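The structure appears right after this line, and notes come after that.
Just so it is clear: chains get the letters A, B, ... in the order the sequence lines come, proteins before strands, and each one is counted from 1. Remember, it's a predicted structure, so these values are computed and weren't measured experimentally.
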2 protein chains.
Amino acid sequence: MSDLLERLRGRGWRLTAQRRVVAEVLDGDHVHYTAEEVHALAAERLPEISRATVYNTLGELVTLGEVIEVSTDGRAKRYDPNAHHAHQHLVCARCGTIRDVHPSGDPLADLPTRERYGFAISAVEVTYRGLCPDCAA
Amino acid sequence: MSDLLERLRGRGWRLTAQRRVVAEVLDGDHVHYTAEEVHALAAERLPEISRATVYNTLGELVTLGEVIEVSTDGRAKRYDPNAHHAHQHLVCARCGTIRDVHPSGDPLADLPTRERYGFAISAVEVTYRGLCPDCAA
DNA sequence: GTCATTGCAAATGCTTTGCAGTGCC
DNA sequence: GGCACTGCAAAGCATTTGCAATGAC
């Protein structure tokens with residue numbers, strides 16, 4: 001919780017009310033909010049916070065590696081605070097909800113060297129798409 | 001090639017010059033163009049084609065399952081004409097190039113039922129991110 | 001006190017939409 | 001000839017940017 005704020009302060013972050021509120025919103029539940037949703041939740045605590053600041057702060061958190069940016073559809077990006085544990089995503093095709101899952105295998109193992117075309121691979125993302133229980137009904 | 005046009009005609013598609021040109025652009029190389037790029041290439045052959053029509057046509061091709069929509073970053077979506085063969089993507093983090101790869105295993109096998117949280121999974125996308133040989137240099 | 005950070009509002013990039021005209025079937 | 005399809009221009013989101021005011025250090 002304040003682990004996150006500690007780490008950020010340690011990296012020379014100037015700690016403002018806006019940044020703290022954004023960090024707190026992300027640090028709460030492990031949901032995957034859009035920038036708009038983060039702004040709305042942040043504004044509940046700090047009504048004057050601007051969208052631009054939310055975008056700036058989210059961008060910094062991504063750069064610092066504290067948060068992962070997920071673009072599962074062509075719509076708004078979502079921000080995943082669970083950056084420190086390898087995991088993959090289950091995405092609902094209807095409502096866009098994202099859920100973290102922890103599969104067993106290493107997806108990189110399925111890609112033989114000759115299929116890598118000289119790329120230096122640094123990350124693998126796996127997205128399972130389907131309908132969540134609510135939308136399937 | 002005209003396989004695609006055949007199939008579309010068979011599904012009751014009204015075949016216009018615009019649609020044919022868009023289909024031809026996608027049917028050529030197995031690159032992954034943005035809507036803007038498709039429009040530019042289509043306009044080389046049919047100068048008056050409008051962006052709206054390109055978007056409409058791409059949307060229809062996606063709905064019909066002939067083309068896959070890929071959003072690898074938060075920027076423009078790309079359209080992948082290689083919809084009939086299961087494959088995955090190698091994405092360059094620097095230049096955005098996408099390359100098709102063909103996995104050995106079934107990624108769905110790695111996700112045990114208890115990790116599916118009641119989702120009815122219909123597709124799995126795997127994206128390998130890294131630097132392509134050109135950008136690594 | 002300095003300078004990073006904020007807020008506003010306007011700008012941008014991508015995509016969709018409304019509607020009159022066009023042309024495929 | 002009917003009605004699906006097109007083009008244009010305008011609207012719609014999500015996001016970024018410029019710049020003056022603010023406030024953390």
Side-chain angles (χ1 to χ4, degrees), chain A residues 5-6 8-25 32-64 67-80 95-96 98, chain B residues 5-6 8-25 32-64 66-80 96 98:
Chain A
L5 292 175
E6 275 317 305
L8 295 173
R9 182 192 295 273
R11 300 204 207 183
W13 239 38
R14 192 172 282 195
L15 191 52
T16 65
Q18 292 79 341
R19 287 176 166 182
R20 185 174 49 250
V21 168
V22 169
E24 283 171 2
V25 166
H32 304 72
Y33 296 124
T34 60
E36 186 60 41
E37 288 165 346
V38 172
H39 177 250
L41 289 166
E44 285 179 8
R45 306 184 184 196
L46 191 69
E48 265 61 51
I49 192 171
S50 76
R51 240 169 282 268
T53 297
V54 170
Y55 276 104
N56 286 341
T57 306
L58 289 172
E60 286 156 13
L61 289 171
V62 170
T63 301
L64 293 174
V67 161
I68 294 174
E69 204 172 65
V70 189
S71 44
T72 45
D73 49 20
R75 318 189 62 84
K77 294 178 214 159
R78 290 175 178 270
Y79 294 86
D80 181 349
C95 68
I98 302 180
Chain B
L5 292 175
E6 276 315 307
L8 295 173
R9 182 192 295 275
R11 300 205 208 182
W13 239 39
R14 193 172 280 195
L15 190 53
T16 66
Q18 291 81 340
R19 288 177 166 182
R20 185 173 49 249
V21 168
V22 169
E24 282 170 4
V25 166
H32 303 72
Y33 295 125
T34 60
E36 186 60 43
E37 288 165 346
V38 172
H39 177 250
L41 290 166
E44 284 179 9
R45 307 184 183 196
L46 190 70
E48 264 60 50
I49 191 171
S50 75
R51 240 169 279 268
T53 298
V54 170
Y55 276 105
N56 286 341
T57 306
L58 289 172
E60 286 156 13
L61 289 171
V62 170
T63 301
L64 293 173
E66 294 291 346
V67 162
I68 295 173
E69 207 171 63
V70 189
S71 43
T72 45
D73 50 19
R75 316 189 62 83
K77 293 177 216 162
R78 291 175 178 271
Y79 293 86
D80 180 350
I98 301 180

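At least one side-chain heavy atom of B:Glu66 sits under 4.5 Å from a side-chain heavy atom of B:Leu8. The shortest side-chain heavy-atom distance between A:Arg19 and A:Val22 does not fall under the 4.5 Å cut-off.
Taken residue by residue, residues 42-55 of chain A places heavy atoms nearer than 4.0 Å to DNA chain D at A:Ala52, A:Tyr55.
Pairing each heavy atom of A:Arg78 with each of A:Ile98, the nearest pair is CD-CD1, 3.4 Å. Between B:Ala23 and B:Leu5 the shortest heavy-atom distance is CB-CD2, 3.8 Å. Looking at every heavy atom in both residues, A:Thr34 comes nearest to A:Ala76 through CG2-CB, 3.9 Å. Here the closest non-hydrogen pair linking A:Tyr33 and A:Val38 is CB-CG2, 3.6 Å.
For A:Ala76, taking side-chain heavy atoms from C-beta onward, the closest of the listed nucleotides D:dT15, C:dT15, D:dT6 is D:dT15. The listed nucleotides are D:dT15, C:dT5, C:dT16; the one nearest the side chain of A:Arg19 is C:dT5.
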Please determine whether side-chain contact (heavy atoms from CB on, under 4.5 Å) holds for the pair A:Tyr79 and A:Glu69, giving the CA-CA distance in whole Å, both sets of side-chain angles, and the decisive distance to 0.1 Å. CA-CA 5 Å; A:Tyr79 294 86; A:Glu69 204 172 65; 3.5 Å; yes
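Between A:Gln18 and the phosphate of D:dG23, there is no side-chain N or O to OP1/OP2 separation shorter than 4.0 Å.
Formation of a donor-acceptor pair under 3.5 Å by the B:His39 side chain with backbone atoms of B:Ile49 is found in this model. Formation of a donor-acceptor pair under 3.5 Å by the B:Arg45 side chain with backbone atoms of B:Glu24 is not found in this model.
Summarising the geometry, the separation between CZ on B:Arg78 and C1' on C:dT15 is reported as 16 Å, rounded to the nearest angstrom. If you measure from atom NZ of B:Lys77 to atom P of D:dC13, you get 14 Å, rounded to the nearest angstrom. Atom CG of B:Asn56 and atom P of D:dG7 are 10 Å apart (whole Å). One atom, CD of B:Glu37, and another, C1' of C:dT15, lie 16 Å apart when rounded to the nearest Å. Rounded to an integer number of Å, the gap from OH of B:Tyr79 to P of C:dC14 is 12 Å. The separation between A:Asp73 atom CG and D:dA14 atom P is 10 Å, rounded to whole Å. In this entry the distance linking NE2 of B:His39 with C1' of C:dT15 reads 13 Å, nearest Å.
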Per-nt protein contacts along nucleotides 20-25 of chain C (heavy atom under 4.0 Å; B base, S backbone sugar-phosphate only, - none) come out as ---BBS
